[in-house]
There are 2 protein chains.
Amino acid sequence: MATAARARHAAPDTRTAVFEAAARAFSARGFDGALVDDIAADAGVNKAMIYYHFKSKLALYRAIVRDMLHGCGDVVGEVATRPEPAAARMRAFIAAFVTLADARPWFPPLMMRELSEGAPRLDAATLALMRVVFGSFHRILADGQASGEFRPVNPVLAYLSVLGPLRMNAARERAASRPGRNRLPMFAMVSHADLTDHLQESALRMLKASRL
Amino acid sequence: MATAARARHAAPDTRTAVFEAAARAFSARGFDGALVDDIAADAGVNKAMIYYHFKSKLALYRAIVRDMLHGCGDVVGEVATRPEPAAARMRAFIAAFVTLADARPWFPPLMMRELSEGAPRLDAATLALMRVVFGSFHRILADGQASGEFRPVNPVLAYLSVLGPLRMNAARERAASRPGRNRLPMFAMVSHADLTDHLQESALRMLKASRL
DNA sequence: GTCTATAAATAGATAGAC
DNA sequence: GTCTATCTATTTATAGAC
């Protein structure tokens with residue numbers, strides 16, 4: 001988000017307000033569903049300011065996606081290179097993803113949507129950031145397989161098994177948060193501590209070299 | 001889709017063409033992103049026909065979601081009540097979901113999107129259908145836990161672990177299908193046979209009562 | 001940096017002829 | 001059942017004053 005470069009300006013951070021309102025809107029309603037007027041209103045800012053600070057609706061959207069993936073890449077890159085056994089790093093990777101999703105709750109739905117549409121709005125630089133995140137996961141997996149901790153599995157399928165439930169839970173939480181939905185069993189509240197535990201346990205059971 | 005009631009009409013099935021084009025469009029671009037003009041063009045039909053056969057864009061969308069969930073509920077309901085051990089039914093449940101996703105490839109992305117937006121377009125009847133699907137899953141899980149085949153797990157989390165990877169794979173396939181994406185490791189081709197095997201193995205490892 | 005007013009394009013929907 | 005033409009509302013974006 002590069003706030004440092006703007007710190008000297010006197011203005012209350014309009015740009016940040018726009019960024020955050022837009023992140024919420026794009027996540028909740030998609031690129032086409034999110035309206036620039038609504039983003040401006042939610043940010044408490046005049047619509048023209050959005051075009052002043054960002055070039056266009058698309059440029060604003062891209063800035064948000066890049067910010068997400070940058071933060072993500074830094075964190076999981078650090079986790080993947082720790083001098084620890086692969087199983088411990090896998091647990092840390094999952095915990096980091098849950099934490100990241102808590103810090104940027106708009107991330108998982110927005111990314112799922114973008115992928116579902118064929119990721120038409122992602123440029124090469126952004127795809128490279130996605131590759132970094134997958135690369136960190138793959139490193140942990142490959143290390144665990146080399147050391148005999150993990151069994152052989154397709155890295156792409158293993159990645160889906162770890163991230164898929166997390167992203168589906170984010171979608172589920174959105175639907176559950178609407179009034180009148182609490183009664184449905186599949187929309188029951190689940191704490192993120194329980195979510196983390198379950199994902200870690202499931203991932204290690206999926207990967208552990210031991211027989212069942 | 002209730003094709004029987006229209007079989008006596010002479011016309012080539014315009015309604016079906018609209019339905020299928022709309023399913024593709026809503027899945028690929030979302031409710032707001034899909035344009036009625038594009039749907040008409042893709043179906044090879046005049047735009048006014050869409051409003052003749054369906055009341056509105058929203059009514060068309062809802063018809064598609066209901067169709068999906070109906071087909072799904074019927075299949076998994078049958079699987080859940082088979083006189084087989086829970087583990088076998090869990091395998092069948094997963095295989096059925098992969099098959100359903102192959103028959104209606106627009107289903108997983110569309111549903112993920114709808115949930116991510118808080119499912120604002122789903123009425124009570126449609127939510128009830130979702131409940132039926134989850135109920136079938138829950139029945140298999142509870143039977144397995146009662147018989148000692150499965151360990152205790154939160155049913156919602158278990159459901160996410162089974163369906164999340166499937167839905168994320170659908171999103172991944174969309175993004176992978178665009179030109180120039182083949183090089184990225186996370187967009188590598190994965191057969192649905194391998195996908196099914198992996199999901200079944202992962203689910204049973206997640207659920208099996210045995211120690212690791 | 002901020003606001004008002006408005007341009008320019010587009011989308012969902014319908015009237016009415018055939 | 002099908003098509004043409006069009007209405008109405010909305011939406012992205014900008015020009016220009018302050």
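Scope of the values below: all heavy atoms of this structure, side chains included, with no hydrogens, waters or symmetry mates. Chain identifiers are assigned alphabetically (A, B, ...) following the order of the sequence lines, protein sequences preceding nucleic acid strands; residue numbering begins at 1 within each chain.
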Notebook entry, point to check: Do A:H198 and B:N154 have side-chain N/O donor and acceptor atoms under 3.5 Å apart?
Noted result: no
Item checked: Distance, rounded to the nearest Å, where A:N46 contributes CG and D:dA13 contributes P -> 15 Å
Check: What is the distance from OH of A:Y51 to P of D:dA13, rounded to the nearest Å?
Finding: 4 Å
Note to self: Without decimals, in angstroms, what is the distance between A:I50 CD1 and D:dT11 C1'?
What the structure shows: 13 Å
Margin query: Nearest whole Å is fine: how far is D:dT12 P from A:F26 CZ?
Written below: 9 Å
Notebook entry, point to check: Hey, what do you get for CG (B:L110) to CZ (B:R113), rounding to the nearest 0.5 Å?
Noted result: 7.0 Å
Notebook entry, point to check: Going by atom types alone, do B:R174 and B:S27 pair a side-chain donor with an acceptor below 3.5 Å?
Noted result: yes
Note to self: Output the rounded distance in Å from OH (B:Y52) to P (C:dA15).
What the structure shows: 15 Å
Next item on the list: With A:R15 as the cation and A:F54 as the aromatic partner, state whether NZ or CZ is under 6.0 Å from the six-membered ring centre and within 45° of the axis.
Entry: yes
Notebook entry, point to check: Between D:dT2, C:dG12, D:dT12, which one does the side chain of B:T14 approach most closely?
Noted result: D:dT2
Item checked: Distance, rounded to the nearest Å, where B:M49 contributes CE and C:dG12 contributes C1' -> 17 Å
Next item on the list: Would you mind classifying the nucleic acid contact of A:A40 as base, sugar-phosphate or nothing, using non-hydrogen atoms under 4.0 angstrom?
Entry: nothing
Notebook entry, point to check: Any idea which heavy atoms bring A:F134 and A:P155 closest together, and the distance?
Noted result: CE1-O, 4.0 Å
Check: Among D:dA13, C:dA13, D:dC3, which is the nearest nucleotide to the side chain of A:K57?
Finding: D:dA13
Notebook entry, point to check: A:A48 has a side chain; which of C:dA11, D:dT4, C:dT4 sits nearest to it?
Noted result: C:dT4
Item checked: Selected nucleotide, minimal atom distance to B:H53 side chain, candidates C:dA11, D:dG1, C:dA13 -> D:dG1
Check: Counting side-chain heavy atoms from C-beta on, which of D:dT14, C:dA13, D:dC3 comes nearest to B:K47?
Finding: C:dA13
Note to self: In whole Å, I'd like the distance from the OH atom of B:Y61 to the P atom of C:dG12.
What the structure shows: 14 Å
Check: Given atom CG of B:L35 and atom P of C:dA9, what is their separation to the nearest angstrom?
Finding: 17 Å
